[in-house]
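Only one structure is covered here, and it is reproduced in the block below.
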There are 2 protein chains.
Amino acid sequence: MAEQPSSLLAALAAVVGDAHVLTAAADTAPYVAEWRGHYPGIARAVVRPADTGQVAAVVRLCAEAGVPVVPQGGNTGLVGGSTPDDSGGEIVISLGRMTAVRNVDPAGNSMTLEAGCTILAAQQAAAEYRRLFPLSLASEGSATIGGALSTNAGGEQVLRYGNTRDLALGLEVVLADGRVLDALTTLRKDNTGYDLKQLFIGAEGTLGIVTAAAFKLYAMPRQTVTGWVALPEPRAAVDLLAMLTDAVGERVTAFELLGREALDQVLAHATAGMRDPLGGSYPWAVLFDVSETSAALDPTGPVEEVLGRALEQGLATDAALAASGRQAQEFWALREHVPEAQRLHGPSIKHDISVPVTAIPNFIDAAGTALRDAVPGIRIVCFGHVGDGNLHYNQSKPAGMADAAFRARAPDIHDIVHGIAARMHGSISAEHGIGRLKQDAFLRHKSPVAVDLMARVKAALDPQGLFNPGRVLPRARQA
Amino acid sequence: MAEQPSSLLAALAAVVGDAHVLTAAADTAPYVAEWRGHYPGIARAVVRPADTGQVAAVVRLCAEAGVPVVPQGGNTGLVGGSTPDDSGGEIVISLGRMTAVRNVDPAGNSMTLEAGCTILAAQQAAAEYRRLFPLSLASEGSATIGGALSTNAGGEQVLRYGNTRDLALGLEVVLADGRVLDALTTLRKDNTGYDLKQLFIGAEGTLGIVTAAAFKLYAMPRQTVTGWVALPEPRAAVDLLAMLTDAVGERVTAFELLGREALDQVLAHATAGMRDPLGGSYPWAVLFDVSETSAALDPTGPVEEVLGRALEQGLATDAALAASGRQAQEFWALREHVPEAQRLHGPSIKHDISVPVTAIPNFIDAAGTALRDAVPGIRIVCFGHVGDGNLHYNQSKPAGMADAAFRARAPDIHDIVHGIAARMHGSISAEHGIGRLKQDAFLRHKSPVAVDLMARVKAALDPQGLFNPGRVLPRARQA
């Protein structure tokens, strides 16, 4: 705690203007809890700087006062990484006013944006030049570039274009002592020393505050073949992905798996236009996009050839290709409606695991068996980005079980799922990060050598331990 | 210096066996100078461990004795990063015996290798499963996986597949205190804390010793369209690249620029089969590959359409597509022969710069003008991976100038070229790294904030400063 909080707030106001130092509960409310209401906290203040210089000045003042800061983008995170704790001592630095698109270079296929720019705005800025900014998330209308970088966000097109880390060319970062690291390069190749930007990507605001970033852009696809395939078992999804990739390469842009329970919940809560593209009650479905840059080369033929072989070999039992863009959107609406349908269905326990792609069938077998043993009748809502080995492997309660009784089993269920993922050399957090929610599981399953190295990096870059303290790494380890 | 060198060598021999602690000059000769004979040094010993456990034990013994170590792969580096200094105090740890392919997972498109495996062996291991390991360098028969990671090697297919960093999924690393970091994952998504592997990629052995790595694999292309295009000026190359990328997307696998002087030197020293694919004396040429995974979709039509438009618009003055695989190899032989032709042509002064792709024409104009002012008659051998903004921008002496007089101008010429690249937000070392050769230029052109952060990371991971000391960062900054 600083000795003179009011003088700190006055100094901050002198930097950003009175209107941008929020302290009244009504003003700070949108910033102090996650959008689902989780992790309600109390901020000493929410500060909204207008530019990089102001961010640096704010950080310098907080560092001098020994006051911890919590960087925040769109506040769409899911792990308690972007909201203040309940001490009332932390200052939230919101990047929400820094929304400028600094530059789009279509011939160089790069774009430079400020951290508070939303992912949707970034997509639109690129699209004006007929270029693709391929990051795409459910929360893209609110989630910001800075948050996406700090959590190394994934999404639906990772298979082809990679995670946020893979899209970043350069960063501008305010360091814990208020200095600015200008690594805002658009170079495709630069081997002059350590690649410092990598330190800040995925660090969840614990090592620096990203204020701007340069990204790769891609050619805009002109055609997309969207398919819905019924499969007898998860193994068939892995085999079908391998066949499709062998046939059409990186054009496989998305490859999503849905289990029967996930699909049943969606169809039970379907809104207009949502219907199963296929008949029958197949146990597993795959939804895929194959996208193509060239207007002249139609990938439909090679995709149909693969599906024909899959049907012959029994890997698929039925398949449909979307006949129009609208139908493709209808296929995708089924996938995108899964989280909402599960919410409508009652309480759920969620996981965001990954395993090597080829281990997915074994993971689904082993985790399903263990969960059904532990909680007879448990319903498993299994869906996700199988092309990246990432499953959102969630559970709904057995019919007739009380909500509270189900929720009480959450720790056991997490342990079972995380333990099996870890045993298969997987991750307990594929795309959502650690924050506060997953710190225990992180410490249990990550190698002590890795955690020690992270603590050393933290101490080297933030020796006072004031940047998002207690997130990712526990406070004790930062001493 | 350790107090008891002979007891250290005995202890090392107890770990790796007498036969693998080399001290006789005849035995250490291949390890103590770069392959071109540069940076001749003296090693206290060359130690050749057989496995990760032995590397860890060797590092632990050296750390206890306070003896600096120099990790070495294929010793094909170009910047003095992999050979010992002339103090006689450094121990070279050669990874050359660790050549195992630990695993190839074709369905998961990943591969796990030991650090001493050559890049060529890695390509072959993947090809046995009809998968592409896309790293490709002139030195691939000798250069190793560990060296490629430690220098974040680039090569000819970066445009499509990225640098070595982009291909790496996981690493196994021996740390400065002899602990082993097992981050040898094949996961496509894992956001559990900081991405530690990034620290060691491109760190030139100053932060850890890479002992094994997991890589992404890709579908093997089934068709390649190779083109040779005559251009009036470098700007046309940037425009043609943008048109081609817009038309066929990531299929543009390589896009190389050659200036007239480079081509003239190659043709003057041509070996059998080397001839200009086009007539006339055009000032600039582009050589490109467009590769295609599908056997059913032929990209030749879209490529011809782009070339037709380029000819109409005056961006290109002539163009030829290779009619066969053999002819494509002949086109590529011209490009690959440039360094050798320049060597045969007399002394040369070399650069490995990058600028944003769209700045390449301005760089070529500005650097050419400044060099011709400084050294009238200087010949500029300009070639490289223009698709990545990376030029190997070299100089040969003016006709009639003495070799020694030309070599004496090297510092001025480096300053001019590096200064112009830096002014254009470029890099003074796009793909070769810093080592010892480029440390002065690195310190002159890198931001002091960046260098300070690197020194902090170095101190955090190698507090004794024993891993490749004086490479990348100067010794003083490691204190």
Side-chain angles (χ1 to χ4, degrees), chain A residues 105 107-108 151-152 154 158 163 179 181-183 185-196 198 202-203 219 238 242 245-250 293-294 296-297 299 301-302 354 356-358 388-390 425 427-431 433-434 442 446-447 449-450 453-454 456-457 460-461 472, chain B residues 105 107-108 151-152 154 158 163 179 181-183 185-196 198 202-203 219 238 242 245-250 293-294 296-297 299 301-302 354 356-358 388-390 425 427-431 433-434 442 446-447 449-450 453-454 456-457 460-461 472:
Chain A
D105 176 3
T151 56
N152 185 28
V158 170
N163 296 288
R179 289 183 299 172
L181 173 68
D182 178 1
T185 174
T186 60
L187 298 177
R188 303 283 167 153
K189 277 186 178 174
D190 179 16
N191 279 337
T192 52
Y194 311 156
D195 189 2
L196 294 170
Q198 304 293 349
V238 174
T245 304
D246 184 67
V248 299
E250 297 100 305
T293 310
S294 171
L297 301 172
S354 65
V357 176
T358 39
D388 318 311
N390 175 200
H425 307 288
S427 168
I428 59 111
S429 189
E431 55 179 13
I434 302 299
F442 163 68
K446 199 80 180 177
S447 93
V449 175
L453 276 188
M454 291 180 201
R456 285 174 186 233
V457 169
L461 268 67
V472 185
Chain B
D105 175 3
T151 56
N152 185 28
V158 170
N163 296 287
R179 288 183 301 172
L181 173 69
D182 178 1
T185 174
T186 60
L187 298 177
R188 302 283 167 154
K189 277 186 177 174
D190 179 17
N191 278 336
T192 51
Y194 312 155
D195 189 3
L196 295 170
Q198 304 293 348
V238 174
T245 303
D246 184 67
V248 298
E250 297 99 305
T293 310
S294 170
L297 301 171
S354 65
V357 176
T358 38
D388 317 311
N390 176 201
H425 307 286
S427 168
I428 59 111
S429 189
E431 56 179 11
I434 302 300
F442 164 68
K446 200 80 181 178
S447 94
V449 174
L453 277 188
M454 291 181 202
R456 286 173 187 235
V457 170
L461 269 68
V472 186

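Here is the naming used below: chain letters follow the sequence lines, and residue numbers restart at 1 for every chain.
- The distance from the CD1 atom of B:I434 to the OH atom of A:Y194 is 11.0 Å, given to the nearest 0.5 Å.
- B:P302 and A:A296 get closest at one heavy-atom pair: CG-CB, 4.0 Å.
- A:V248 places none of its side-chain heavy atoms less than 4.5 Å from the side chain of B:T293.
- Counting only distance, with no hydrogens or angles, the side chain of B:T186 and the backbone of A:P356 share no donor-acceptor pair below 3.5 Å.
- Taking CG of B:N163 as the reference point, atom CG of A:N191 lies at 6.5 Å (rounded to 0.5 Å).
- Rounding to the nearest 0.5 Å places CD of A:E431 at 3.5 Å from NZ of B:K189.
- Side-chain atoms of B:R456 come within 3.5 Å of backbone N or O of A:A460 as a donor-acceptor pair.
- Looking only at atom types and distance, the side chain of A:K446 has a donor-acceptor partner in the side chain of B:T192 under 3.5 Å away.
- For the pair B:N152 and A:D195, the minimum side-chain heavy-atom distance is 4.5 Å or more.
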Fill in: Full working for side-chain contact (heavy atoms from CB on, under 4.5 Å) between A:H425 and B:T185
CA-CA 7 Å; A:H425 307 288; B:T185 174; 6.0 Å; no
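- In this structure, CG in A:D105 is found 3.5 Å from OG1 in B:T358, a value given to the nearest 0.5 Å.
- Of the possible donor and acceptor atoms, none in the side chain of B:D182 sits under 3.5 Å from a partner among the backbone N and O of A:S447.
- Counting heavy atoms from C-beta on, the side chains of A:R188 and B:V158 never come closer than 4.5 Å.
- When all heavy atoms are compared, the tightest approach of A:S427 to B:D190 is OG-OD1, 2.6 Å.
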Practice prompt. For the pair A:V457 and B:V457, evaluate side-chain contact (heavy atoms from CB on, under 4.5 Å) and give the outcome as yes or no after the intermediate values.
Written response: CA-CA 7 Å; A:V457 169; B:V457 170; 5.6 Å; no
